[in-house]
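Below you'll find the structure, written out as structure tokens, and then a few comments.
Each chain gets a letter, A, B and so on, in the order its sequence line appears, and its residues count up from 1. Only a predicted model underlies this, so the values are computations on that prediction, with no experimental measurement involved.
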Amino acid sequence: MPEEAPPSRAGSCPPGRRVLMLLTASGGGRAGGGRRPQPPLAQPSASPYREALELLPIFQARGQLLAQLRNLDSAVLIGETGSGKTTQIPQYLYEAGIGRQGIIGVTQPRRVAAISLATRVSDEKRTELGKLVGYTVRFEDVTSEDTRIKFLTDGMLLREAISDSLLRKYNCIILDEAHERTIHTDVLFGVVKAAQKRRKELGKLPLKVVVMSATMDVDLFSQYFNGAPVLYLEGRQHPIQIFYTKQPQHDYLHAALVSVFQIHQEAPSSQDILVFLTGQEEIEAMSKTCRDIAKHLPDGCPAMLVLPLYASLPYAQQLRVFQAAPKGYRKVIISTNIAETSITITGIKYVVDTGMVKAKKYNPDSGLEVLAVQRVSKTQAWQRTGRAGREDSGVCYRLYTEEEFEKFDKMTVPEIQRCNLAGVMLQLLAMKVPDVLTFDFMSKPSPDHIQAAIAQLDLLGALEHKDDQLTLTPIGRKMAAFPLEPKFAKTILLSPKFHCTEEILTIVSLLSVDSVLYNPPARREEVQNVRKKFISSEGDHITLLNIYRTFRNTGGNKDWCKENFVNSKNMMLVAEVRAQLREICLKMSMPIMSSRGDVESVRRCLAHSLFMNTAELQPDGSYATTDSHQPVAIHPSSVLFHCKPACVVYTELLYTNKCYMRDLCVVDAEWLYEAAPEHFRRKLRTARS
DNA sequence: GAGCACTGC
């Protein structure tokens, strides 16, 4: 059990040097501010916004803040949880006349946040949503000509920048939650900075940029925006007591279990516990163990309601974490890092942090992405701790020593340095950025990393090299129009040649959302029986196509999904994505045909677009990729797991314990050779004989 | 022989 350390403030470190303004919190009330709104279903109904507003610390600083912001081109605003910055700053700017000649755009990393913030601010302004205040997220544009304050996802603003890289509509851009360093926000830093500079040079309407962040690690932001001043806002985080372990824990799962039951036996049952683990399997196992132990506790001990939480859990089960536990029950939520930022649960008194996370790492030497369990960063640990102090004071048990904590990385490596950059490079090229190789990223990915992305785009036929200048080919420009990974966009663009655009649209849509297949481990046999009727010996793509077809032909309802172990939320999303992609094809005047029952042309099309992702069966029964001879295996989730086809293309490689191919399609080696003769000269084992 | 953190267009 961890020992006590001096109580410490959660959230961020104390204010830094270049702070211009220090605001002190006053008054109670906690309805205001909520920086991370919950999904709409979990939101309390209409709350007394107006009363709460006047209690927000930010309210007293309005005049000061405006005086500063009015005169600045760029500013960095640090505000702790509950400071009210996201809901208030856009309104202050608007009231000061900043939204008069253009829109105030506020970016968010997540859709639900953009939607609920817009809803809330339009309520505060007592206007109809979509008029003065609106939002734009994928599939939904609730704005009008009157809209002056617009909340949007960072990915959406990036997409807008493709058609107008100067962002002329906007007179102010607020990049919120900048500390999360999503890949989209990181690209936007560069795009917005360039637009600001260019607009100044052209003598156009100036673009004001406000970077808002919850952590104090602001030097980077400030330096990047030419030494922009840092404004600090105090929030209303409750004190959190932190405990570290005396000894390093070699078994963090066991340590977590012990901590949960110790808290359970000591604390009143109304106080809930949130435990951070790394993945689905671990969480399900721990949930079962907790339930088993809870059955045999001494009399007088409260009952325990154990709730797993991870992204692939069906929506209905995710919602259970928001419901109050029955009287006498304690909620114990066992979660991945989804509860760090994406889902906010009220009533958490105790946080148990194992200090571990499963995350993607990028190896620039091999150019490969690896998914691995690793230590969290200090900022992540603080974020987890902060989940205990949202309504009242809280307690956080850190299952590592204070010395260990001091050795954690200061920050999480920004996403832009951890994943494939092909999509980002395609977008930058589509914006006609003068030199993508030297683009002004706040945290530069390595040159190898950028080169790998360029090479991939080159293979897809997206690039033109003219006198040292990289530009897009007509195909490349079309690829950039699709909200998809470049290889999927290419697959769609190739499909007319094989008369199977309808089928490819379905397959690409299924591949570009989370899996529609729901596999509860306890009902494995049942799942296998039901799934039999869809399975194609030609691979996962064709199997997915069969599932979608049956779904549509049977009227596609929730009952069908339930009976067939299909995640209905994801399936609905597939239909939406498909409609969007089809619309883009129509705008390009692409002929849209169906191959009817002919699946061979579908497989040929996949062979032609995924030829760089090929693996062949080796004499010893294993697989190796065709170009780099990397040993690979068929992922257990594949319908081909027990089969040994000679030659396959796959959608992606996933490194966990082994290097797995996911989503496979059986192809003829000959087709691959046809697709890219240059690429395959001397490479294919079979095609050459 | 055996497995998948989280977003977003």
Side-chain angles (χ1 to χ4, degrees), chain A residues 107-114 136-141 152-163 177 180-188 276-285 309-313 335-343 356-361 369-374 376 380 383 412 415-416 418-419 423-424 426-427 430 479-486 488-489 508-509 512-515 517-519 521 524 573 576-577 580-581 584 620-623 633-638 640-644 651-663:
Chain A
T107 67
Q108 291 296 318
R110 282 168 292 280
R111 291 168 53 97
V112 281
T136 307
V137 296
R138 190 179 188 182
F139 309 127
E140 253 187 293
D141 181 8
L152 71 177
T153 45
D154 48 10
M156 203 67 215
L157 185 61
L158 207 50
R159 203 130 275 279
E160 287 186 9
I162 292 181
S163 42
E177 309 281 18
E180 289 192 26
R181 302 296 303 272
T182 69
I183 194 162
H184 292 144
T185 297
D186 262 34
V187 178
L188 279 174
F276 285 101
L277 298 186
T278 71
Q280 174 177 351
E281 210 176 280
E282 215 173 74
I283 286 167
E284 290 292 353
L309 180 63
Y310 44 88
S312 62
L313 198 69
S335 173
T336 60
N337 44 346
I338 193 171
E340 241 169 63
T341 50
S342 306
I343 291 181
M356 304 305 283
V357 67
K358 195 181 282 185
K360 229 174 222 176
K361 283 199 252 186
E369 291 175 346
V370 183
L371 192 62
V373 172
Q374 50 198 300
V376 296
Q380 238 176 326
Q383 181 70 35
T412 311
E415 200 184 356
I416 198 147
R418 287 187 288 130
C419 49
V424 166
L426 184 69
Q427 278 185 315
M479 281 165 61
F482 289 96
L484 291 170
E485 279 181 54
F488 292 150
V508 164
S509 304
S512 69
V513 306
D514 284 341
S515 176
L517 306 177
Y518 174 50
N519 299 310
R524 242 175 83 169
L573 189 59
E576 267 189 298
V577 171
Q580 188 191 28
L581 299 178
I584 295 169
D620 67 354
S622 70
Y623 283 85
I634 299 178
H635 195 277
S637 67
S638 172
L640 297 177
F641 184 55
H642 293 284
C643 311
K644 296 245 179 245
T651 301
E652 63 173 357
L653 287 181
L654 181 84
Y655 285 70
T656 48
N657 294 327
K658 261 197 214 169
C659 184
Y660 289 102
M661 301 178 274
R662 285 173 64 176
D663 297 314

Nearest-nucleotide 5' precedence on DNA chain B, A:S638 against A:L484: A:S638
Sugar-phosphate, base or nothing in reach of A:I338, heavy atoms under 4.0 Å: sugar-phosphate
Side-chain ion pair, A:K358 and A:E281, N-O less than 4.0 Å: no
ring-ring contact (aromatic ring centres under 6.0 Å, His included) partners of A:Y660, counting only residues at least two apart: A:H635
Sugar-phosphate only, base, or nothing, as touched by A:R181 at under 4.0 Å among non-hydrogen atoms: nothing
Those residues that, when tested against A:T107, pass side chain to side chain donor-acceptor pair (under 3.5 Å) (two or more places apart): none
Chain A footprint on DNA chain B, 5' to 3' - any atom under 4.0 Å from a heavy atom: B:dG1 to B:dC9
Touch class at under 4.0 angstrom, heavy-atom based, for A:T182 against every strand present: nothing
For A:C419, all residues meeting side chain to side chain contact (heavy atoms under 4.5 Å, CB included), sequence neighbours excluded: A:I183, A:E369, A:E415
Those residues that, when tested against A:S515, pass side chain to side chain donor-acceptor pair (under 3.5 Å) (two or more places apart): none
Touch class at under 4.0 angstrom, heavy-atom based, for A:V373 against every strand present: nothing
Sugar-phosphate only, base, or nothing, as touched by A:F641 at under 4.0 Å among non-hydrogen atoms: base
Contacts of type side chain to side chain donor-acceptor pair (under 3.5 Å), residue A:T656, not counting sequence neighbours: none
